[in-house]
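Below you'll find the structure, written out as structure tokens, and then a few comments.
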Amino acid sequence: MAGKTITRADLVDAVARRANLQRADANRLLTRLLEMTQDALVAGDTVKLSRFGNFNVRAKRQRIGRNPKTGEEVPITPRRVVTFRPSQMLREFVEKGGRGRAKS
Amino acid sequence: MLRSELVARLQEEMAPIKASEVEAAVDVVLDEIAVALAEGGRVELRGFGAFSVRKREARTGRNPRTGQTVKVEAKRVPFFKPGKELRLQVNGGEEP
């Protein structure tokens, strides 16, 4: 397990190289892909990326939290949170360490 | 929004780049993330969020129907933590 961190720039490079795009185009594509995903989630829509996973927005009710330092009870306001549910294919791919190469 | 819809929108915006290349590019993005996670790595997309792998310890589970105990092996599961901007944006742009 290499355990290295890849960033946006690495993804842009990979797209440019593997999909034969100019780097600037690859960058624009990745930027828009993330923006479109974010916009859908902000609108409360689910984003279903087959073979990869689903992003959902869930509404959380108000609940009582506690300041861990002071022990004081503080209300946690209702909020919306984004959750990601990996596809079965992605789960298995990660579990097997990439063997079998279930392509996304 | 489905993957096909995302791809179609990107194809429209990326013209005159060929539709097939745009679709291939989306495949590459998701494949690179999957491969990084399979290798035990992380993917950090500033503002959007970070993908990582979380370890789940082995545990003794129970078949809820039969009550039989079953061993559940330790496993590694993909995990996504939304970034600050995404977290704020789904809450109308402010800290809730």
Side-chain angles (χ1 to χ4, degrees), chain A residues 1-8 10-11 14-15 17-22 25-26 28-30 32-42 44-53 55 57 76-84 86 89-91 93-99 101-104, chain B residues 1-7 9-11 13-14 17-18 20-54 73 75-83 85-93 95-96:
Chain A
M1 298 295 104
K4 67 175 175 180
T5 295
I6 73 170
T7 62
R8 224 187 141 88
D10 298 320
L11 281 186
V15 169
R17 191 181 68 246
R18 292 180 55 196
N20 277 316
L21 296 190
Q22 295 290 322
D25 291 330
R28 184 157 59 95
L29 184 140
L30 179 60
R32 290 299 294 141
L33 185 158
L34 297 176
E35 284 172 357
M36 287 175 186
T37 303
Q38 173 167 319
D39 289 350
L41 293 170
V42 168
D45 195 7
T46 296
V47 178
K48 296 184 174 183
L49 302 178
S50 58
R51 310 188 306 276
F52 185 75
F55 294 92
V57 186
I76 296 174
T77 54
R79 63 191 61 214
R80 300 203 300 162
V81 295
V82 173
T83 60
F84 173 66
M89 194 182 257
L90 181 60
R91 282 167 196 268
F93 187 65
V94 167
E95 179 58 32
K96 290 175 183 155
R99 283 189 306 274
R101 204 116 219 285
K103 247 208 91 192
S104 73
Chain B
M1 181 170 68
L2 303 176
R3 181 167 175 150
S4 54
E5 294 165 336
L6 175 70
V7 168
R9 283 178 208 178
L10 287 169
Q11 286 169 332
E13 283 194 15
M14 297 301 292
I17 292 173
K18 274 194 271 168
S20 59
E21 291 178 341
V22 173
E23 184 165 21
V26 172
D27 292 346
V28 170
V29 170
L30 301 180
D31 183 59
E32 289 285 330
I33 295 172
V35 168
L37 294 177
E39 289 172 352
R42 284 172 64 77
V43 180
E44 285 183 8
L45 301 169
R46 199 153 285 271
F48 184 76
F51 293 91
S52 60
V53 181
R54 298 234 157 150
E73 305 282 336
K75 58 186 166 189
R76 310 187 311 130
V77 296
F79 179 77
F80 174 73
K81 181 173 196 275
E85 196 201 330
L86 181 56
R87 226 168 49 229
L88 292 181
Q89 289 302 322
V90 295
N91 284 288
E95 208 71 68

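Throughout, a chain's letter reflects where its sequence line sits, starting with A, and its residues are numbered from 1.
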| message | For A/Asn20, give me all partners under side-chain contact (heavy atoms from CB on, under 4.5 Å), at least two apart in sequence or on another chain. | response | none
Is there side-chain contact between [X] and [Y], with heavy atoms separated by less than 4.5 Å?
X	Y	value
B/Asp31	A/Arg18	yes
B/Glu13	A/Met36	yes
A/Gln38	B/Glu85	yes
A/Phe93	B/Val35	yes

| note | Bottom line for A/Leu49: the part with an atom under 4.5 Å from chain B's heavy atoms is both
| task | Count the heavy-atom pairs under 4.5 Å between each of A/Thr37, A/Ile76, A/Asp39, A/Thr83 and chain B, then report the option with the highest count. | result | A/Thr37
| field | Selection from A/Val81, A/Thr7, A/Leu30, A/Leu11 maximising heavy-atom pairs under 4.5 Å formed with chain B | value | A/Leu11
| request: Taking all heavy atoms of B/Asp27 and all of A/Arg51, pick out the closest pair and write down the distance. | output: OD1-NH2, 4.0 Å
Region of [X] that comes under 4.5 Å of a non-hydrogen atom in chain A:
X	result
B/Val43	both
B/Pro82	side chain
B/Ala25	both
B/Val22	both
B/Leu2	both
B/Leu45	side chain

| task | Identify, with sequence neighbours excluded, every residue that meets salt bridge (charged side-chain N to carboxylate O under 4.0 Å, His left out) alongside B/Arg87. | result | none
| field | Side-chain donor or acceptor of A/Asp45 paired with backbone N/O of B/Met1 under 3.5 Å | value | yes
